[in-house]
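First up is the structure itself, then whatever we jot down about it.
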Number of protein chains: 2
Amino acid sequence: MADDVEAVAERVFTAIADPSRRAVLAALAAHGPATVTELADRLPITRQAVAKHLALLTEAGLVAAGPPEGRRVRYGLRSAPMQVAQRFLASLARDWDGRLQALQDHLTREAEDR
Amino acid sequence: MADDVEAVAERVFTAIADPSRRAVLAALAAHGPATVTELADRLPITRQAVAKHLALLTEAGLVAAGPPEGRRVRYGLRSAPMQVAQRFLASLARDWDGRLQALQDHLTREAEDR
DNA sequence: TAGAGTCGCAACCAGAAGGTTGCGAGCATT
DNA sequence: AATGCTCGCAACCTTCTGGTTGCGACTCTA
């Protein structure tokens, strides 16, 4: 299903890297679940543009379609993938700092040898 | 200077969303600071492609050019922006959970009224 | 001083991304 | 039955992006 940590993180990052997408997420966070047209009203883009962004956000797991109320479909936030991305970032930073520390030691040793 | 939290986070996210860029960062983390051509040797892309990615990564603050050693230029990792992005993610998730909790309460109250 | 290696700049190309417009189809309300 | 919504699909356009190739310039060393 290709849902290992890095894959999830990649989708989350590409998702929230776009300003329009962040605007969609912000609108959902501010006013609660909403339909496509409601979001299109609040945002400066077309309904179809919103729909495309919602598709991508759904793919990333950040958003999910609620139970269909007649013909209307409401989308809501899902914070689970964010925590995965967060952990990914944390482990990355940890690796870097470890490497940087090792490099620092290495340079120190080199300087002492000289 | 446009270096508020959201701007930094956006650059970091777009930076690490790309697989080639993550590969560059991984190479730097694994073998320590390196020059453009060294990185191009380890990766399946051209030197110029690496150079472009390094420019973007530098712009994002994730990488920095070390002191020039003659003509050679070594690039190293900087983890500071990662922590900014991490905090950004954390605050986002917190906002969402708060909103979701509020919505949950709202629905519960509505159900009880009925 | 003549190579060999490294770097930066510019042009170019194909494909992906963000966005719009234009439909046709399903539910309502009147 | 007719109007008025909302939704989904498809085509199209423009810009951004990842990547390559082709130089010219600089540094080091034999």
With a 4.5 Å limit on heavy-atom distance, are the side chains of [X] and [Y] in contact?
{"X": "A:V73", "Y": "A:T35", "result": "no"}
{"X": "A:H53", "Y": "A:D18", "result": "yes"}
{"X": "A:L54", "Y": "A:L39", "result": "yes"}
{"X": "B:V84", "Y": "B:V12", "result": "no"}
{"X": "B:I16", "Y": "B:L25", "result": "yes"}
{"X": "A:T37", "Y": "A:V50", "result": "no"}

Give the rounded distance in Å between these two atoms: CZ of B:F13 and P of D:dT17.
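From B:F13 CZ to D:dT17 P: 17 Å.
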For the pair made of NZ in A:K52 and P in D:dC7, what is the distance, rounded to whole Å?
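Value for this atom pair: 17 Å.
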Using a heavy-atom distance cut-off of less than 4.0 Å, which residues of residues 43-50 of chain A contact DNA chain D?
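Per residue number, the list reads A:R47, A:Q48.
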Go through residues 16-27 of chain B and report each residue with a non-hydrogen atom lying under 4.0 Å from DNA chain D, sorted by number.
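Heavy-atom contacts with DNA chain D come from B:D18, B:S20, B:R21.
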Taking 4.0 Å as the cut-off, does a side-chain nitrogen or oxygen of B:H53 come that near to OP1 or OP2 on D:dT17?
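No, outside the criterion.
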Approximate separation, where rounding is to 0.5 Å, of [X] [atom1] and [Y] [atom2]:
{"X": "B:S20", "Y": "B:K52", "atom1": "OG", "atom2": "NZ", "answer": "12.5 Å"}
{"X": "A:R21", "Y": "A:T14", "atom1": "CZ", "atom2": "OG1", "answer": "6.5 Å"}
{"X": "A:L89", "Y": "B:M82", "atom1": "CG", "atom2": "CE", "answer": "5.0 Å"}

Students often mix this up, so state it plainly: with edges at 30° and 60°, are the rings of A:F88 and A:F13 parallel, tilted or perpendicular?
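It falls in the tilted class, 30° to 60°.
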Enumerate the residue pairs fulfilling salt bridge (charged side-chain N to carboxylate O under 4.0 Å, His left out) with a member in residues 36-46 of chain A, sequence neighbours excluded, ordered by first and then second residue.
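Of all non-adjacent pairs touching residues 36-46 of chain A, those that pass salt bridge (charged side-chain N to carboxylate O under 4.0 Å, His left out) are A:E38-A:R72, A:E38-A:R74.
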For chain A, the stretch of DNA chain C it reaches, first to last nucleotide, under 4.0 Å of its heavy atoms:
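Here the contact window of chain A covers C:dG18 to C:dA28.
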Take nucleotides 25-30 of chain D nucleotide by nucleotide from the 5' end and write B, S or -, depending on whether a protein heavy atom sits under 4.0 Å from the base, only from the sugar-phosphate, or from neither.
-BSS--
Excluding sequence neighbours, so at least two apart, what forms side chain to side chain donor-acceptor pair (under 3.5 Å) with B:E10?
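If we apply the side chain to side chain donor-acceptor pair (under 3.5 Å) test to B:E10, skipping adjacent residues, the hits are A:R22.
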Stepwise side chain to side chain contact (heavy atoms under 4.5 Å, CB included) check, A:L77 with A:L62:
CA-CA 6 Å; A:L77 294 175; A:L62 291 172; over 6 Å; no
